[in-house]
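Let me begin by presenting the structure, written as structure tokens, before commenting on it.
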Amino acid sequence: MTEGQAAASNAPPRALGGPEGDDVPTFGTAIVGTGFSGLGMAIQLARRGDRDFVVFERADDVGGTWRENHYPGCACDVPSHLYSFSFAPNPSWSRAYAPQGEILAYLRRCVRDFDLEPHLRLGEAVTRAVFDDATGWWELTTPKGRVRARDLVFGVGALSRPAMPDVPGRERFAGPSFHSAEWDESVDLRGKRVAVVGTGASAIQIVPAIAPEVGALKLFQRTAPWVLPRADRAYSEREKRRFARSPLRRRLHRARIYFTAELGALGMTVEPRLMEIAAWVGRRHLRRHIRDEALRAKVTPTLTPGCKRLLISDDYYPALARENVEVVTGGITEVDVEGVRTADGALHEVDAIIYATGFAVADFLTPVEVVGRGGLRLADAWRDGIEAHLGTTVSGFPNLYLLMGPNTGLGHNSMVFMIEAQIHHVLGLRDARARRGAQVVEPRPLAQRRYNTGLQARLDQTVWASGCSSWYLDANGKNATLWPGFTLEYWARTRRVDERAFVFERARVSASASRPAREERAS
Ligand code: NAP
């Protein structure tokens, strides 16, 4: 990693006394989370020479979802040369799709290379954030005390709260059971009878990884997913050397992956009938690996491809075809002491249960109480569904920025690309605010409303609205999760700040009285 590092200053973060003359540590920016979003924001500040920031992380290590998820087979389903920061390239990715450990190591290396350690407050969860209308500062509460910050950036991801299925009797089960994102390494699955519940992106990685070593595996499938070939491969030493020697070669490789992935938006958001191509590829993939007609019928998907996340795997179908693997489709009615009972009354006796049942997406930011202007709680502002302007800022919550916020998720390309575009937007907003001599910025309510009305109208025409239930949709069927187009469009819309969509204001109590030079420098 070399690009941009020259710009990174080694100055330690400063925590000055508060603007109100108290001793509350005060920073230009507080960042919450150390996954790709939080670290990306921190790196971009550091690259600008702005070291006036603090990064909170509830866990004892960085890495976000790549720290939390360490189940067997965990890897990214976006090629690594694209699923990494453009400003922190890694020519040494071992494979097209790097495994979890390598991605986590990459993030840890980013922390070292951009000298972020002094900014980190690990094991310190932000529980409350309150905006002070008069001064324009955010005040954050953690179990260790209070901190004040001008800007508050959440990079907490939408997939961080494991969701357990709502089936009775889970607590009665006698053996070990855990969620895929809380993998219990102390449980030895070798030779055991194991139940895996769910057939989403996590399950299709777990099943092939554990099937060869468990005694018997029962996969409880509620909906058969579309699974396409992955075409993973190792990079040769020669290729890695060439990527290291030639940034142009590496960038072209990344661009090729990006534009190929971008084509997926055509079928998902412009012309859903194009998804027939994915269906054709998926059926071929299935026929190739599963010869047993009955099994093939069981796992043949019926929903429109792309409606739920399209999965990619070369070893999932071969794993299902193994002698020791059984796909169970009669819905789960309860969990009992000895195993899992299905609607036909059968008890499937197992020694361990793995719940690969996804995440509580609607609870975005739930563990933190965020209070904006006039005491408005974000949870109340979002009572009818989450929304933001450009997925990043929320009217009534000045100087608050949500990375991977509402409607910035993707079904077809790299989230890291979207995160970088969002960070660029955040920095653009701060620059515009500084140019105007203001301390506070937030989107105009009407701009936010119009933006979201437009998004929802477009989302109604996408493949995600074709009639399946998925974590993309909230309880009211609203898609507050995905971006309804090409990522290039999002990139273009976040390149330059449309200042007409925002209100820039001076804080009523002048912050310049307390921290004059510092505010200007941080901007
Ligand atoms: P998910 O996609 O939400 O899948 C959850 C699975 O559990 C679904 O198959 C669901 O069935 C099933 N399920 C839930 N309750 C059930 C019940 N009571 N009985 C039977 N089955 C039940 O969760 P995930 O696989 O953890 O993936 C979540 C997201 O994480 C992905 O979409 C992706 O964005 C991300 N992810 C990414 C990667 C990667 O490689 N980059 C890897 C893993 C995860 P239904 O389909 O019928 O609801």
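Numbering starts at 1 and runs along the sequence shown.
For the residue pair H389 / R444, no side-chain donor-acceptor distance below 3.5 Å is found, with atom types taken as modelled. Side-chain polar atoms of T142 and R121 form no donor-acceptor pair below 3.5 angstrom.
T494 places no side-chain N or O within donor-acceptor distance of the main-chain N or O of Q422, the cut-off being under 3.5 Å. R458 places a side-chain N or O within donor-acceptor distance of the main-chain N or O of P484, the cut-off being under 3.5 Å. In this structure, E68 contributes its side chain and S160 its backbone to no donor-acceptor pair below 3.5 Å. In terms of modelled atom types and a separation under 3.5 Å, the side chain of Q456 and the main chain of N479 share a donor-acceptor contact. Q439 contributes no side-chain N or O that, together with a main-chain N or O of G136, makes up a donor-acceptor pair within less than 3.5 Å. Although no hydrogens or angles enter the test, the distance criterion places a donor-acceptor pair under 3.5 Å between the side chain of R67 and the main chain of D61. For Y106 (side chain) and A88 (main-chain N/O), a donor-acceptor pair under 3.5 Å exists by modelled atom type. Checking side-chain atoms of W183 against main-chain N and O of N69 turns up no donor-acceptor pair under 3.5 Å. Distance alone, capped at 3.5 Å, places no donor-acceptor pair between the S180 side chain and the A203 backbone. At distances below 3.5 Å, at least one donor-acceptor pair connects side-chain atoms of E420 with backbone N or O atoms of S86.
A salt bridge between D384 and K478 is absent, with no side-chain N of the basic residue lying under 4.0 Å from a carboxylate O of the acidic one. Classification of R309 and D77 as a salt-bridged pair holds, one side-chain N sitting under 4.0 Å from a carboxylate O.
Pairing each heavy atom of P443 with each of Q448, the nearest pair is CG-OE1, 3.7 Å. Nearest heavy atom pair, residue P367 against residue R161, reads CG-NH1, 3.5 Å. Residues F56 and A30 approach most closely at CE1-CB, 4.4 Å, considering heavy atoms. Of all non-hydrogen atoms in G40 and I423, the two that sit nearest each other are C-CD1, 3.3 Å.
Checked against the 6.0 Å centroid threshold, F359 and H179 count as a close aromatic pair. The aromatic ring centroids of W382 and F397 lie 6.0 Å or more from each other. Under the 6.0 Å cut-off for aromatic ring centres, F36 and F85 qualify, their centroids lying closer than that. For Y490 and F417, the ring centers sit 6.0 Å or farther from each other. For H425 and Y401, the ring centers sit 6.0 Å or farther from each other.
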Original post:
Given Y258 and S414, is the side-chain contact (heavy atoms from CB on, under 4.5 Å) satisfied, shown in steps?
Top reply: CA-CA 8 Å; Y258 170 76; S414 171; over 6 Å; no
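The closest side-chain heavy-atom distance from H70 to E185 is below 4.5 Å. You'll find the side chain of W226 reaches within 4.5 Å of the side chain of L303, heavy atoms only.
Rounded to the nearest 0.5 angstrom, L482 CG and T269 OG1 are separated by 10.5 Å.
Considering D151, V426, T393 as possible partners of N399, the one that fulfils the side chain to side chain contact (heavy atoms under 4.5 Å, CB included) test is D151. Among L400, I31, T392, the one residue that satisfies the side chain to side chain contact (heavy atoms under 4.5 Å, CB included) test with F154 is L400.
Taking R373 as the reference, D133, E442, E505 meet the salt bridge (Lys or Arg N to Asp or Glu O under 4.0 Å) condition, with sequence neighbours excluded.
No more than 12 heavy-atom neighbours from other residues, nucleotides or ligands sit within 6.0 angstrom of CZ on R496. Within a 6.0 Å sphere centred on CZ of R172, heavy atoms belonging to other residues, nucleotides or ligands number more than 12.
Annotation: cation-pi geometry satisfied between R150 and W137 (NZ/CZ under 6.0 angstrom from ring centroid, within 45° of ring axis).
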